[in-house]
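Have a look at the structure below before the remarks.
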Protein chains: 2
Amino acid sequence: MSDRGTASGEGESLLFLTDEQLRKGIEAMFFAYRGFTADPDRILENYAYGRAHHRAIHFIHRAPGTTVNNLLGILGVTKQSLNRVLRTLIEDGLVESRIGKKDKRERHLFLTEAGAALERELSEAQRTRMRAAYRAAGPGAVAGFRQVLEAMMDPEMRRQFGTIKENGS
Amino acid sequence: MSDRGTASGEGESLLFLTDEQLRKGIEAMFFAYRGFTADPDRILENYAYGRAHHRAIHFIHRAPGTTVNNLLGILGVTKQSLNRVLRTLIEDGLVESRIGKKDKRERHLFLTEAGAALERELSEAQRTRMRAAYRAAGPGAVAGFRQVLEAMMDPEMRRQFGTIKENGS
DNA sequence: TTGGAAAGTCAACAAGACTGACATAAAATC
DNA sequence: GATTTTATGTCAGTCTTGTTGACTTTCCAA
């Protein structure tokens, strides 16, 4: 009932971006993000964890030895909020918190073997969906996907993206 | 520190999609979605509403006269959850709920003038960001963006996408 | 006509975000 | 050496938004 005349053809003339085309992009983000989080959400239910735990695990895996403060910057939540999540992950033996050698105020965070196992389970589910989407969309689409997403980020986040400190204790 | 050798070049050979490339896609979704919701979130603060209100307003605008049940299917929440949001929007005079003519159990939802005004404010902010991202990424990227997002949705949602009932009372 | 299903509402609860206040330890600065 | 700043953690309370359970009204079909 829409996009008539230019079937999926936003590409032709960017100067003629209609509100309708933009609205479709907006809704696509909404529905796609739901799909994107659906698989991990299902897995997390079995462990009584939520998305907050997933995010912490993801970024600790990605930047082993990161500090609490570092993680706060990436995740964009308050320390109280992150602390609740980290506490349960540490209690449950998925995350290890080591006091910094140079600066003893800092805590460096690492996944334990159990934490790494959950990380693999979660990320494998997500990668599988991402891989399927990439395949379905085709080679050309993937580069465009990443370019638009990157342009949609807030500038600070765009900086974070691909530049996360690893800081080994 | 990554993607070395194929600067933003996932396009070449999809058979060689590395975990690293997929991980970047996953994080791009995470950071981009944050940017995507940031502007509306700021606006909503002024009205003491949240994202749930935004979503309801968006889809009522998009499909005027839709029923509560319809909206439930689109939003993927429980009717009790949606009801709380709708109640405040109706109390505040942003949404009007009309009893169905054919089926008196149904409520058909419409934006009032005030509701439409907030919708415009919210969607204009979101369109502005989307437009900027599209421009920055370039014409070719936009089509790819939409293709990957669509492929990432759950199949039911892909059906909903672009096919929402308008059902006038 | 009556019993079940469907649409919507109310109440109570939980997760996970938030703010604010405060504590401790260590580092940095004066 | 004393003071201030930084990094982290904790307690208490609030808000949004999700949940389940129980209930009313309405419709429809046996």
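Using a 4.0 Å heavy-atom cutoff across all strands shown, A/Gly76 reaches sugar-phosphate atoms only and no base atom.
You'll find that the side chain of A/Thr78 is closest to C/dC18, out of C/dC18, C/dG16, D/dT19. Listed nucleotides: D/dG18, C/dA17, D/dT10. Nearest to the side chain of A/Ser81: C/dA17. Of all nucleotides listed (D/dT19, D/dT17, C/dG8), C/dG8 comes nearest to the side chain of B/Asn69. Side-chain proximity of B/Gln80 to the nucleotides C/dG8, D/dT17, C/dT9 is greatest for C/dT9.
We find that B/Glu20 and B/Lys24 are not joined by a salt bridge, their nearest charged nitrogen and carboxylate oxygen being 4.0 Å or further apart.
A/Arg98 has its CZ atom 16 Å from the P atom of D/dT8, to the nearest Å. The distance between atom CD1 of B/Ile57 and atom P of D/dT17, rounded to the nearest whole Å, is 11 Å. Rounding to whole angstrom units, CG of residue A/Leu71 and C1' of D/dG9 are separated by 15 Å. Between the CG atom of B/Leu82 and the C1' atom of D/dT16 there is a distance of 14 Å, given to the nearest Å. When the C1' atom of C/dA26 is taken as reference, atom CD of A/Glu106 falls 11 Å away, rounded to whole Å.
Residue side chain B/Arg84 reaches the base of D/dG18 through a donor-acceptor N/O pair under 3.5 Å, judged by distance alone.
Look at A/Arg51 and you won't find any side-chain N or O under 4.0 angstrom from OP1 or OP2 of D/dG18. Residue B/His53 has a polar side-chain atom (N or O) positioned under 4.0 Å from OP1 or OP2 of D/dT17. Listed pair A/Asn83 / D/dT8 fails the phosphate criterion, with no side-chain N or O lying under 4.0 Å from OP1 or OP2.
Using the six-membered ring where Trp is involved, A/Tyr47 and A/Tyr49 have ring planes that are parallel, under 30° apart on the 30 and 60° scheme. Classified by interplanar angle (parallel below 30°, tilted 30° to 60°, perpendicular above 60°), the ring pair B/Phe145/A/Phe145 is parallel.
Using a 4.5 Å heavy-atom cutoff, the side chains of A/Met152 and B/Phe31 are not in contact.
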Output one line per pair: protein atom, nucleotide atom from nucleotides 24-30 of chain D, and distance, for all N/O pairs under 3.5 Å.
from   : atom 1 : to       : atom 2 : distance (Å)
D/dC27 : OP1    : B/Lys104 : N      : 2.9

